[in-house]
Amino acid sequence: MMEKTVMDEVVKQVMQVLSKTTLLEEKKGIPVGVSNRHIHLSAEHIEILFGSGHTLTRQKDLKQVGEFAAAETVTMVGPKGVIRGVRVLGPVRKNTQVEISRTDGFSLGVVPPLRDSGDIAESAGITIVGSHGAVTLTEGLICATRHIHMHTDDARRFGVSDGERVKVEIGGSRGASFKNVLVRVHPDFRLEFHIDTDEANAVNLKSGDEVTLSRCEEV
């Protein structure tokens with residue numbers, strides 16, 4: 001019969017293994033949010049595009065707290081093409097920012113730089129047409145870098161910090177790895193991995209699928 005001290009040690013080791021396994025399981029499964037082309041508007045540009053005093057009409061809440069898809073859409077006009085029905089996302093921002101994919105850029109005849117959201121200085125320009133007017137931006141058009149929104153609790157669980165770059169693993173028949181994924185941490189954020197349509201299509205991902213985060217030092 002196993003002695004009590006030996007039994008206690010076995011139980012301790014089993015508990016440690018189970019604890020590590022649970023932690024690893026908790027770290028799995030970051031939900032994917034595929035971002036189609038969209039635009040964030042300043043208050044000034046909302047009035048130019050949709051009329052004086054106009055405010056955005058909330059159509060659908062997005063996963064991130066306070067963000068929503070508006071009923072309003074705009075048309076983008078580039079040197080080589082036009083894209084209609086581009087969704088406006090709220091709330092109002094200080095500066096107008098347009099996010100498109102590389103493929104959209106080919107259609108429009110523009111080359112959007114790859115940027116983190118909010119970094120629009122000296123980015124590309126584009127003409128935006130609304131129901132009441134048009135705006136020609138000299139900057140604001142970007143191809144957004146892939147990123148993960150994380151609550152502070154999630155960041156602690158994954159052992160990462162705001163601004164860090166990590167690697168994400170994608171499973172399935174088109175399994176792949178995405179490097180240089182920006183981590184954005186805020187108490188209001190909900191866990192979600194954002195990529196554009198080009199990236200999602202390349203690896204057969206859709207919104208609601210899940211990916212895993214790899215060790216940061218492997219980036």
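One is the number of the first residue; the rest follow in order along the sequence. It should be emphasised that the depicted structure is a prediction, and the values quoted were computed from it without experimental measurement.
- R37 places no side-chain N or O within donor-acceptor distance of the main-chain N or O of S101, the cut-off being under 3.5 Å.
- In this structure, CD in E192 is found 12.0 Å from CG in D154, a value given to the nearest 0.5 Å.
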Start with the C-alpha distance between V111 and R102, add both sets of side-chain angles, then the distance that settles side-chain contact (heavy atoms from CB on, under 4.5 Å), and finish with yes or no. CA-CA 8 Å; V111 182; R102 291 289 192 194; 4.2 Å; yes

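- Residues A124 and P113 approach most closely at N-CD, 3.7 Å, considering heavy atoms.
- With E47 contributing its side chain and E44 its backbone, the two residues share no donor-acceptor pair below 3.5 Å.
- T57 pairs by the side-chain contact (heavy atoms from CB on, under 4.5 Å) definition with A71, E72, not counting sequence neighbours.
- With sequence neighbours excluded, the residues that form a ring pair (Phe, Tyr, Trp, His ring centres under 6.0 Å) with H149 are H147, F189, H194.
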Would you be so kind as to tabulate the donor-acceptor pairs closer than 3.5 Å made by side chains of residues 131-144, with sequence neighbours excluded?
unit_1	atom_1	unit_2	atom_2	d
H132	ND1	F50	O	3.3
T136	OG1	T127	OG1	3.1
E139	OE1	E122	N	2.7

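- With rounding to the nearest 0.5 angstrom, the CG atom of D196 is 10.0 Å from the NE2 atom of H38.
- Counting all heavy atoms, side chain and backbone alike, R115 lies closest to A121 at NH1-O, 2.9 Å.
- Checked by atom type, the side-chain pair N36/T197 shows no donor-acceptor distance below 3.5 Å.
- No side-chain donor-acceptor contact under 3.5 Å links N204 to the backbone of R174.
- Looking at E210, its side chain never comes within 3.5 Å of a backbone N or O of I30 through a donor-acceptor pair.
- Atom OG1 of T75 is separated from atom CD1 of I83 by 10.0 Å, given to the nearest 0.5 angstrom.
- The closest donor-acceptor contact from the side chain of K179 to the backbone of R165 lies at 3.5 Å or more, if one exists at all.
- Distance CZ/R184 to CG/D162: 7.5 Å, rounded to 0.5 Å.
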Test side-chain contact (heavy atoms from CB on, under 4.5 Å) applied to I170 and E199, step by step: CA-CA 11 Å; I170 296 96; E199 293 171 315; over 6 Å; no

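- Of the possible donor and acceptor atoms, one in the side chain of H151 sits under 3.5 Å from a partner among the backbone N and O of P187.
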Report the C-alpha distance between V74 and V88 in whole Å, list the side-chain angles of each, state the deciding distance to 0.1 Å, and finish with yes or no for side-chain contact (heavy atoms from CB on, under 4.5 Å). CA-CA 7 Å; V74 298; V88 177; 4.1 Å; yes

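- Here the side chain of T96 pairs a donor or acceptor atom with the backbone of S42 at under 3.5 angstrom.
- Among all heavy-atom pairs drawn from L108 and I126, the shortest one is CD1-CD1, 4.2 Å.
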